[in-house]
Structure formats: structure tokens, C-alpha cells
**Student:** 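Pasting in a structure now, in C-alpha cells, and then I'll have a few things to ask.
Just so it is clear: chains get the letters A, B, ... in the order the sequence lines come, proteins before strands, and each one is counted from 1.
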There are 2 protein chains.
Amino acid sequence: MSPARTSTGAAPTRGRRSGRSTGDDRELAILATAERLLRKRPFGDISIDDLARGAGISRPTFYFYFPSKDAVLLTLLDRVTEEANAAAGDVLVRLADDPRARWRELIARFHATFGGHRDVVLACAQVRGTNAEVRRLWAEVLERWVRAVEAAIEGERARGAAPDGLPARDLAIALNSMNERVWYATFAGDGPAVAERDVVDVLLDVWLTAIYRTTTPPL
Amino acid sequence: MSPARTSTGAAPTRGRRSGRSTGDDRELAILATAERLLRKRPFGDISIDDLARGAGISRPTFYFYFPSKDAVLLTLLDRVTEEANAAAGDVLVRLADDPRARWRELIARFHATFGGHRDVVLACAQVRGTNAEVRRLWAEVLERWVRAVEAAIEGERARGAAPDGLPARDLAIALNSMNERVWYATFAGDGPAVAERDVVDVLLDVWLTAIYRTTTPPL
DNA sequence: GACGGCAGTCAACACCATGTCGAGAGGAAT
DNA sequence: ATTCCTCTCGACATGGTGTTGACTGCCGTC
């Protein structure tokens, strides 16, 4: 289906068939409309007609640019995950500097990125249940982060900073999963949630105790 | 809207207007059909017509028993959460016996309950994005569990078994959130997931380190 | 400078799921 | 027998999605 999908590589081309032209700004207009409407109401309450009219085109014309409503969201999600990847950067390779500070940096940067696009993130969480493509993309992104954390944990164990324990991969999955769900609750604001101001420190604390058995890991 | 909703109290009456009668088994037939179909395909791919035909009635008649497709799922969810509450029982009040064993028991019982109804649980997770009522009910149930865990953590701190640290409520939220998301991944099988065989021990390990800073809490 | 082709556009249509309305059938109580 | 209530469904209204086919204008090219 979709070609290659390298993380930062060429545009994933979820939108129009390809080729540059005047219709380029229409595509952007659809994306912008989606983000704007998402700020006001849930994804499910936005129809293709809303998106089309918001971009100044008719509904059939929408299909010239995107194959479905979900594809628009997928494009938006692509942007966010790329931004998150960029924000995370190489923090984890510099762990030995100051583990606590580095882990905190990692969590704080993800928090900032997701918080800055909470409407998109929330909408994705909402359709993940119904849309296999969103599910697939999210799984892929998560796998990447899990692997990075897994490697970092193993690195810390190898240098004697962290004790042995659970398989690093399982631990990485559990911690990443926790973050995802906790952020979701915090941003969505329904159900028991950690206050936005505290959430980074709460998550950090659980990460550190799970990895090091202490909140003050040794240098 | 819905009356009272005490946890274990009288039936929440999500179904027919009320009153006993012959149509009682029809209501059960709809529920049974829903569970059966959920085993085969996602909730979104099941139409009201499927439910009605499966129960041997016509689509309009379905509306005599339930106001919507979601209401059927809600009824199913009610059952599961009640079973989970019953399974959890009073495990947490006997923590001082053997903390590790008690926490493990708690997690294992939830795991068994959810695993035994994974189709319903997965369907609810799927619909939570679009259905406010499911969201509300789930939030309510979660709040109950969070409070129980919060109290247990405070108890462990008071008796000197667990060190001070994060606000107990924040910690309880984070841990419960982790469980929810990890189970979801394990049962759904998409994306990075912990093997079903290991999941209880993985979760337990993170709980213990987060609460006690060790995997072998003192008696 | 006409001509073929392609990006872009949309009215009209086919389809499908949801939810509603109103007319009934059958049994039980009065 | 009549009235009431539970239970039933055919037929309809609505609203969203995705498709078709015809049309416009522009750009290159021969």
C-alpha cells in the first residue's frame, strides 16, 4: 500500500495522487480546516462535508485530495510523530551524563509535543479503535520508542547503573504504555487524571523506580 | 438519566423500559448475540440489523429492547466490571499479610476477569472514543479502583512498609493506567505487547518498585 | 493556433446504517 | 366485549459515505 515509510524520509503521500500544482494549497486548506475543527469538536462529529466546505470546495472534490476522512487525520498524525521523534532526538545516548535529567528531558519533550497537538492526538486515540491504518501507524511509532528505551535500559544495566530485573523489552513496553494512557487521560480530562502540571514528574518517578529502584540513579 | 447506579445494586436497567414478561428472553438473546458476534468481528462492523436477526427479531423491534447498539455494549460492560469488582474483593485490606502476594493476587484477578471477556473489553475500548456514556461509566469504575489503590498505598506508608514519595493518588492513577493500556495491547495483539503469560508478573514488578522501591516488600 | 491531455471541479446518484411512526396482533384483566 | 398493555414490524425519513460522468480551463506541442 503506502510506499516505504521511512521515519523522516520523503512525504508519505497520503494525500493527492502526487504532482505539484495549484491544488497544493487546497490540500493544505483541508488539513488546516481539520485542525481547526478538531479544536472545537470531536473527530466523529466532523463530516467530510465540513472539511470540504471549510476548505472552500465541494464534497466530491475532497476525494480528489484524500481518500477518506481518516486519511486526513493520518497525515496530521504523521506530522506529530515526526515532531516527537525529532524532539526526542539523541537524549538517550547521553544517559550516562546524568540519568535522571536525561530521562526527564525525554518525557518532558514528548509531553510538550503531544500537549501542543492534543486535539490531533486525542482524535487519533479516538479512531484507533475503528481504523486499522491509524492503529498500524501508531503501533509502528510505539515500537520505535519501545526499542529505543529497551536499548537504553540495557545500556544502563551494562554499565552497572541499573540492576537486572524484568526483560528490558517488557519493561519498556509497560512504561511507554503507561505514559500513553496517562497523557491521554490528562489531555482528555475525563476520568481519573494526573494534573497537567505534575504529569511529567509523576511519570518520571515511576520510570526511575522501575528501572533503577531509586529516584536518584547514580551517575 | 440512568437512576442511581450503585455499584452492586439493582440492575441498571439499560435495556427495556422495565417490567417482567415474555420479552425477557429476547433481551437476553440480543445480549448473547452481541457477545457471539463480538467474538468474530469488531463492534463497528456489527449492525443493529445483525443483532436483531441474531436474536430472531426485526430491526425496529430491537429498539423496543435497547435504545441503541451502544446500550447493548454498556450492559455487557456493566456485567464485566461487576465481576471484576467481585473478583478484586477485599484483597487490599489484607495487604499486611504478604504484600507481594496480595498485590499479585489483585492484578492476577483483574487479568483473569478481563481476559475472560476480552471481546467485550476490547469493544468498549474501541467505542470509548465515540461514546460519552461508555467513557463515563469506565471513568467511574476506574475512579473506584484508583481510590482503593490510593488508600492501600497510604496504608503501606503509614505502617512503614512503603517509603514516602509521589502523592498516593497520582501513583495510583499512573499504575492503573499502565495496567489498562498494557492489557489492551496484550489482548488486542496489535503493536508492542507483553506476552499474555508474562503480563501479570511484568505489571506486578513495576507496581512493587513504584510503591516500595523493591520487588520484595517487607512483611 | 488548434488540439490532446491532464489537474481540478462538482451535480447527481447509489448505497447503507440509523432511528421513527403508526398500524396492528395477541393475551390478560375488568 | 372491551379495554389496555406488551410486543411486533412494514414503511419511511434522514444523514453520511463513496462513485460516476461530464465539464472547465490551462499548458504544452506540433
**Student:** Answer yes or no: are there more than 12 heavy-atom neighbours, outside R53(A) itself, under 6.0 Å from its atom CZ?
**Tutor:** no
**Student:** Mind calculating the distance between CG (D70(B)) and C1' (dT18(C)) to the nearest angstrom?
**Tutor:** 12 Å
**Student:** What integer distance in Å separates I48(B):CD1 from dG19(C):C1'?
**Tutor:** 8 Å
**Student:** From dA11(D), dC9(D), dA17(C), pick the nucleotide closest to the side chain of R59(B)?
**Tutor:** dA11(D)
**Student:** May I ask you to decide whether E82(B) forms a salt bridge with R79(B), counting only side-chain N to carboxylate O separations under 4.0 Å?
**Tutor:** no
**Student:** Need one value for S47(B): base, sugar-phosphate or nothing, where a base atom within 4.0 Å counts as base even if backbone is also close, heavy atoms only.
**Tutor:** sugar-phosphate
**Student:** Return the nearest nucleotide to the side chain of P60(B); candidates are dC9(D), dT18(C), dC10(C).
**Tutor:** dC9(D)
**Student:** Take the protein atom CD1 of I57(A) and the nucleotide atom P of dA11(C), then report the distance between them rounded to whole Å.
**Tutor:** 12 Å
**Student:** Side-chain contact, heavy-atom cut-off 4.5 Å: E140(B) with E143(B)?
**Tutor:** no
**Student:** Given atom CG of D49(A) and atom C1' of dG16(D), what is their separation to the nearest angstrom?
**Tutor:** 9 Å
**Student:** Starting at atom CZ of F62(B), determine the distance to atom C1' of dG19(C), rounded to an integer number of angstrom.
**Tutor:**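 The answer, rounded to whole Å, is 11 Å.
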**Student:** Find the distance F64(B):CZ to dG22(C):P and express it as a whole number of Å.
**Tutor:**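 It is 17 Å, rounded to the nearest whole Å.
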**Student:** Roughly how many Å is it from OH in Y65(A) to C1' in dG18(D), rounded to a whole number?
**Tutor:**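 Value for this atom pair: 18 Å.
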**Student:** Starting at CZ of R53(B) and ending at C1' of dC9(D), how long is that distance when rounded to a whole Å?
**Tutor:** 11 Å
**Student:** So does R41(B) pair up with D50(B), basic N to acidic O under 4.0 Å?
**Tutor:**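 Here R41(B) pairs with D50(B) in a salt bridge, since their nearest N and O are under 4.0 Å apart.
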